[in-house]
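Beneath this line is the structure, given in structure tokens, with notes to follow.
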Amino acid sequence: MNQDQITAKLSQINSKGLEASFSLSEAALENAQKLAELNYAASKDVLVNAQDGIQQVLTAKDPKQVTEIFTADSLQAAGNQAVAYQKKVSKVLRDGNKEFSNVVDASIDQLQDGFQDWLNTVTANAPAGSDAFLSSFKTVYGSALQSFEQFRAASKEAFVNAEKTADQAIETVQGQIAQVKKTATPASRSRKSA
């Protein structure tokens, strides 16, 4: 194998890596746009709700009316909005993670195929008497392949953990909303009976 063949093979491997990088960049931009749209919509909703709440407080005639504005139901509605927003964000991130995971898998497969093809070419064109060198070269190559597989496993585990963390955050917020509603409901009943 001459220098031109080696350069051509490495160039081929590198171009596949660049294609994967461009694909990831496009996916990241699309996800950033989706997140920006979600943030805009959520911010708009929060501002509209805050403006409504402020208007109600400003038109209230006495403190009792102000406390009635902030009922458990209104707090739950705000909490439900937060949970809905978090679920949308989580979906965008999950979809992005799946796409990223697929690109990582495809990139690792391409690298492995490229290295295997390169190894086969080197082995086929090796001069006589280079058996010891080829044996150690194959050992190093086997270690490199194991490293790729370890990276693949670690990245999949990271994605699973990120999704679990997002699910736990949503469950925590929902639990807090339920607790606030339980706590606030008896107080609002006692005010009404008084």
Side-chain angles (χ1 to χ4, degrees), residues 16-110 150-194:
K16 289 181 180 180
L18 284 174
E19 288 174 18
S21 294
F22 286 133
S23 176
L24 283 176
S25 296
E26 287 176 5
L29 285 173
E30 287 174 13
N31 287 339
Q33 182 178 358
K34 288 176 186 175
L35 289 173
E37 289 169 0
L38 285 173
N39 285 333
Y40 175 77
S43 297
K44 182 180 165 187
D45 289 344
V46 166
L47 288 174
V48 167
N49 291 339
Q51 184 178 6
D52 290 345
I54 290 170
Q55 186 63 33
Q56 290 176 7
V57 168
L58 291 176
T59 59
K61 304 288 185 207
D62 61 50
K64 184 178 177 187
Q65 283 180 315
V66 173
T67 58
E68 289 173 355
I69 291 171
F70 298 108
T71 64
D73 291 336
S74 66
L75 294 175
Q76 183 174 6
N80 288 342
Q81 269 186 315
V83 168
Y85 167 76
Q86 182 60 37
K87 284 182 179 180
K88 289 175 185 175
V89 169
S90 182
K91 183 182 180 332
V92 169
L93 295 177
R94 283 176 200 258
D95 292 347
N97 283 348
K98 286 177 187 172
E99 191 166 340
F100 183 74
S101 180
N102 290 340
V103 170
V104 167
D105 279 344
S107 297
I108 289 173
D109 291 342
Q110 287 173 351
Q150 289 171 348
F151 177 76
R152 184 190 317 246
S155 61
K156 284 184 180 186
E157 185 177 335
F159 295 139
V160 167
N161 287 338
E163 288 180 2
K164 284 181 184 176
T165 301
D167 290 342
Q168 288 171 346
I170 290 170
E171 289 172 9
T172 299
V173 169
Q174 287 174 324
Q176 290 171 345
I177 292 167
Q179 187 62 35
V180 166
K181 187 173 181 181
K182 278 184 190 176
T183 305
T185 302
S188 63
R189 284 185 194 144
S190 65
R191 280 194 307 253
K192 288 179 183 176
S193 63

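All values derive from a computational prediction rather than experimental measurement.
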#### Entry: Electrostatic pair D167-K87, nearest N-O below 4.0 angstrom
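No, no charged N to carboxylate O under 4.0 Å.
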Looking at [atom1] of [X] and [atom2] of [Y], how far apart are the two atoms once the value is rounded to the nearest 0.5 Å?
X	Y	atom1	atom2	result
D95	E30	CG	CD	11.0 Å
K88	K34	NZ	NZ	14.0 Å
K156	N161	NZ	CG	14.5 Å

### Task
Determine the minimum heavy-atom distance between L38 and Y85, stating which atoms define it.
O-CE1, 3.8 Å
### N39 backbone acceptor or donor facing S43 side chain under 3.5 Å
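Yes.
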### Message
Do Q110 and D105 have side chains that approach each other closer than 4.5 Å (heavy atoms only, starting at C-beta)?
### Response
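Result no, sub-4.5 Å side-chain heavy-atom pair not found.
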